[in-house]
Amino acid sequence: MTELVQQLINGLSLGSIYALIALGYTMVYGVLKLINFAHSEVFMMGSYFGFFTAVGLGIEHYESIGQTFPLYYAFVVLIAAMAGAALLGVTIELLAYRPLRNAPRLAPLITAIGVSLFLQNLATLIFTPNPRRYPAIIREVRYELGGVVVTNIKIAILVVAIALMAGLHLLVQKTWTGKAMRALSVNLDAARLMGVNTNRVISSTFAIGSALAAAGGILFGLDQLTIKPTMGVLTGLKAFVAAVLGGIGNIPGAAVGGLLIGVAEQLTAGYLSPDYRDAITFVILIGILLFKPEGLLGVVRPEKV
Amino acid sequence: MRRKTVVVAAAIVSLVASLAFTFGCKNGGGSQNGPGGSGGGNQTGEIVIGHYASMTGDTAHFGQDTDKAVRLAVEEVNAQGGIKGRRVKLVTLDTRGDATEAANAVTRLIDVEHVSAIIGEVASTLSLAGGRVAQRRGIPMVSPSSTNPAVTAIGNNVFRVCFIDPFQGTVMAKFARENLRLTKVAIIKDVRSDYSIGLAENFRRAFTQRGGQVVAEQSYSAGDTDFSAQLTAIRDSGAEAIFVPGYYGEVGAIAVTKQRLGINVPLLGGDGWDAPDLFRIGGAALEGSFYSNHFAPDAASDRARRFISAFQRRFGSEPTGLGALGYDAAMVLFEAMRRAQSVTPATIREGLTATRNFEGVTGRITINAQRDADKSAVVLRIRGGRAVYETTVQP
Amino acid sequence: MKWLLRAAVAAAIVGALWGLSYVLHEHVIEYVVRIAMLCGMNIILAVGLNLINGTTGQFSIGHAGFMAVGAYTTAYVCTQLAPEVAGVLGTGFLPDAVVFNVGLIAGAALAAATGVVVGVPSLRLKGDYLAIVTLGFGEIIRLLLTNAEFLGGATGFSGDNPTGLSPYTNVFWVFLWVVIVIVVIRNVTFSQTGRSLEAISEDEIAAEAMGTPTTRLKVVAFTLSAAAAGIAGGLFAHLQGSVRPDDFKFDRSIDMIVMIIVGGLGSITGAVIGGIFVGVTLELMRDLSEYRLVLYSLLLVIIMLVRPQGVLGKRELSFSRLFPKKAAKPARAAGDEKP
């Protein structure tokens with residue numbers, strides 16, 4: 001029982017990271033019908049931005065004298081990384097996707113793959129390929145409740161993830177930009193005809209999605225301890241599956257999908273075999289698609305000629 | 001309709017033929033070293049040696065660490081006047097960690113660069129891919145750090161300067177059973193790495209043979225970053241130590257997760273642990289753990305100390321175990337060239353076969369009949385954030 | 001009379017390929033020959049994938065899985081089953097060429113069967129679902145192979161011989177299969193079936209309304225394309241000398257997509273060009289050392305920005321296009337631009 005609870009807690013914290021990344025996939029797909037392969041690398045870069053901001057703020061000094069990194073510094077790290085990633089996301093969209101807006105639908109897919117490869121290899125060159133230990137921007141405290149170990153980091157991950165997702169929900173439901181995003185995802189051309197500045201809305205979509213991925217990147221570093229330039233590949237793939245699972249284009253769906261995949265993965269690893277932890281993600285995916293192709297929370301939109 | 005098919009076929013045929021001829025006619029063509037065909041056996045000018053390594057991709061740190069040390073070795077030998085008065089030229093080709101590219105790279109080293117000998121790879125699966133080409137083409141290859149027995153079984157052209165999995169797995173089992181007097185041990189292995197699988201298997205065999213018990217066996221895949229499921233499962237198994245034959249990135253994370261979960265048993269491991277980054281990642285969680293290695297920096301021979309300081313001067317960082325092996329691979333190769341009458345692939349191969357008691361950075365190296373290196377292993381204990389010498393285990 | 005002509009053409013092609021193979025293996029350095037063979041495999045992969053992704057407009061992004069099925073099957077047949085058959089018939093009874101091609105066909109058949117299994121449920125659906133199912137499928141195949149002890153697990157499968165799988169793959173077999181795959185796919189593309197496939201890609205619902213059996217045709221196209229990937233896998237196995245699960249990672253599927261889109265989606269000649277592009281570019285960039293992947297990825301982005309429709313677009317290079325005087329009725333060349 002304690003083991004089950006333990007695995008669930010670990011699964012939820014991993015899942016909330018997937019969820020944060022999945023949101024970016026689903027938002028971009030919703031608006032542009034594009035699988036943004038570069039998103040996993042934005043996640044990776046966001047994680048590195050956080051790393052270097054923390055180093056710039058002198059975290060190594062705090063660690064060496066055994067002092068706690070001030071909490072507001074931790075927020076600075078988070079905000080800086082999110083801002084950096086948002087800028088990166090917008091730039092990618094501007095340079096690699098916008099010129100292809102009227103091109104065949106699959107052309108931006110190749111530029112997405114190209115940008116993804118580019119960022120990954122650029123990171124290998126600049127940051128070196130060595131895995132790096134993520135600085136402890138939050139000092140770890142362990143709580144033990146009846147054999148179940150919970151750290152404040154796991155709690156912080158959940159809190160930050162939930163706060164960000166709630167913020168996103170408000171943004172999408174209550175603000176003008178959010179309304180415009182929803183309009184674009186229904187029909188981009190119609191939205192443009194109604195006077196929506198589509199390019200600006202698309203840019204904001206990329207900015208928000210990338211910022212969330214960067215937050216995911218920092219939480220990932222805190223949770224998993226090491227980061228490296230190729231960290232985005234598998235994590236990104238799983239986050240994408242999470243987005244599909246929840247119903248691609250559907251924002252709450254991405255959150256649910258992420259949590260589900262995180263928990264399923266952890267339970268498989270713990271009870272079945274870790275050999276199948278990656279496979280389970282895809283098995284769930286195929287299962288869902290066969291029985292409920294629109295995803296868990298997706299809505300069937302009738303296709304018309 | 002028919003005609004078009006013929007045209008398509010003819011177009012492909014002529015395209016392939018013309019491309020192939022433009023880029024690589026045998027005897028000449030792209031060759032800068034003049035006639036010499038694929039043998040690389042010309043007796044004047046530079047001696048060209050090739051190194052194929054993962055300079056990019058997921059395992060780029062393996063390739064880059066090794067390549068630095070090989071380059072250092074080449075620079076040193078050239079500073080001493082080269083071999084038989086000839087400069088040594090190093091050509092490094094990237095494999096991206098991909099077996100197809102590894103075979104491409106070795107073929108290119110032989111055909112285009114006309115190398116006399118080849119160094120590479122770190123990963124056993126890539127050494128197998130490259131080694132098969134080297135064997136077929138008769139060019140000697142020295143793998144610095146591929147520990148899978150199958151690598152040198154390819155044939156008489158493939159050598160290595162590291163010990164092999166069965167030995168290393170046995171070393172740790174012997175140490176755990178006889179020195180630490182443990183009876184129950186858990187294992188976490190990397191199922192995507194044959195190195196890790198091999199070590200785990202041999203550890204289990206040797207440990208149970210000596211009366212120990214493996215109480216839990218868990219696994220992960222290289223690149224995984226979350227190990228809490230495996231460790232949670234091990235927590236209640238009663239293990240007195242956990243054998244983790246993986247690479248330092250994952251090992252460091254496993255150590256920290258272990259601490260987070262409140263599991264207070266030491267970790268045991270192999271040479272994949274050996275990197276300065278291990279301590280940066282694992283930190284205090286690694287205290288009291290042990291791993292087997294090729295050499296102990298604190299109990300190092302003069303030779304090893306010279307290498308460490310030269311490496312630090314040249315690259316501004318400490319060498320890793322992979323670096324030390326890369327350096328030894330190059331030095332064993334140069335020694336074999338010196339011994340040979342002339343520098344041809346065949347004589348280098350003979351020279352390598354005759355390597356006896358070579359004083360390397362990672363210990364005394366003797367190439368045995370299986371073309372593997374007979375050498376002892378050391379066990380290091382992690383104390384105060386660094387690895388200190390514990391004991392030596394003979395083969 | 002007509003079949004006689006066809007037989008003559010076929011014989012001429014086989015003869016030309018045999019000559020090509022002889023000349024290359026005897027007179028050209030192995031490095032170049034090896035790259036040429038890898039390009040040939042890329043062409044098979046790209047032409048096959050193009051049928052489903054380009055002509056039919058259904059997006060598969062897990063074709064490396066079918067390649068893996070073909071590769072492992074061929075390797076298994078050639079190393080495990082062939083010796084047993086030889087044991088019954090007596091050694092020397094089965095020439096290597098027969099063993100190898102039986103292996104390749106078995107690989108293609110199993111890849112095709114897997115294609116049916118994957119395709120039937122997912123191709124009933126419209127939209128990007130095939131993409132996502134094939135993505136999952138490709139990863140699952142790889143993970144299953146990693147855990148399959150009898151196929152060597154993560155270390156890979158190379159038979160019992162320490163030097164690996166027999167090097168059956170040579171220029172002749174690679175390019176014979178290139179020609180076979182191109183001819184088959186070309187004939188399908190320009191047949192009535194091909195027209196229907198194109199109709200599906202233009203507007204699936206309209207095609208269905210016109211009475212086109214869309215699901216069945218999509219499955220046919222998908223299966224053919226899986227079979228082609230299986231052939232390429234088998235050829236790859238016996239060139240490389242071993243097959244590992246990691247040879248068929250997601251990156252490999254991505255490579256295939258790059259081939260068909262760079263060449264021009266929907267064009268067979270475009271797929272050929274794309275296959276050669278992917279096979280050659282990274283090798284030509286070797287001197288750039290660790291910078292080559294950065295530059296390769298930039299090159300991809302630039303190509304797509306400059307030519308979003310790919311090098312050829314939907315057009316085909318053909319005899320009649322190169323020499324318009326002949327005025328052979330172009331089967332399709334004129335219909336390339338959409339109205």
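Every heavy atom of this structure was used, including side-chain atoms; hydrogens, water molecules and symmetry mates were not. In what follows, chains carry the letters A, B, and so on, assigned in the order in which the sequence lines appear, proteins first and then strands, with residues in each chain numbered from 1.
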message: Atom OH of residue position C:Tyr291 - does it have more than 12 heavy atoms of other residues, nucleotides or ligands inside 6.0 Å?
response: no

message: Do B:Arg96 and C:Leu282 make a side-chain contact, defined as non-hydrogen atoms from C-beta onward lying under 4.5 Å apart?
response: yes

B:Leu93 CG to C:Asp287 CG distance, which is reported to the nearest 0.5 Å: 8.5 Å

- prompt: For B:Ala150, is it the side chain, the backbone, both or neither that has a heavy atom under 4.5 Å from a heavy atom of chain C?
  reply: neither

- prompt: Do C:Arg286 and B:Asn104 come within less than 4.5 Å of each other through their side chains, counting heavy atoms only?
  reply: yes

- prompt: Is it the side chain or the backbone of B:Arg132 that comes within 4.5 Å of chain C heavy atoms, both, or neither?
  reply: side chain

statement: So, the part of B:Thr100 with a heavy atom under 4.5 Å from chain C: the answer is both

message: Rounded at 0.5 Å granularity, tell me how far OG1 in B:Thr56 sits from CG in C:Leu293.
response: 4.5 Å

- prompt: Which residues in residues 240-247 of chain C have a heavy atom less than 4.5 Å from any heavy atom of chain B?
  reply: C:Gln240, C:Gly241, C:Ser242, C:Arg244, C:Asp246, C:Asp247

- prompt: Using non-hydrogen atoms only, which part of C:Asp251 is less than 4.5 Å away from chain B: side chain, backbone, both, or neither?
  reply: neither

query: What part of B:Ala102 lies closer than 4.5 angstrom to a heavy atom of chain C: side chain, backbone, both or neither?
result: neither

query: For B:Thr125 and C:Thr155, which heavy atoms make the closest approach, and how far apart are they?
result: CG2-O, 3.7 Å

task: Below 4.5 Å from any heavy atom of chain B, which atoms of C:Leu38 appear? Answer side chain, backbone, both or neither.
output: side chain

message: How close do C:Pro162 and B:Ala153 get, counting heavy atoms only, and between which atoms?
response: CB-O, 3.3 Å

Closest non-hydrogen atom pair, B:Ile197 against C:Ala154: CD1-CB, 4.4 Å

- request: Taking all heavy atoms of C:Tyr31 and all of B:Asp111, pick out the closest pair and write down the distance.
  value: N-OD2, 2.6 Å

message: I'd like to know if C:Glu30 and B:Arg136 make a salt bridge, using a cut-off of under 4.0 Å between side-chain N and carboxylate O.
response: yes

message: Between C:Ile35 and chain B, with a heavy-atom cut-off of 4.5 Å, which part of the residue counts as in contact: side chain, backbone, both or neither?
response: side chain

message: If you apply the rule salt bridge (charged side-chain N to carboxylate O under 4.0 Å, His left out), what do you find for B:Glu101 with C:Arg34, and how did you get there?
response: CA-CA 11 Å; B:Glu101 286 229 10; C:Arg34 186 180 154 84; over 6 Å; no

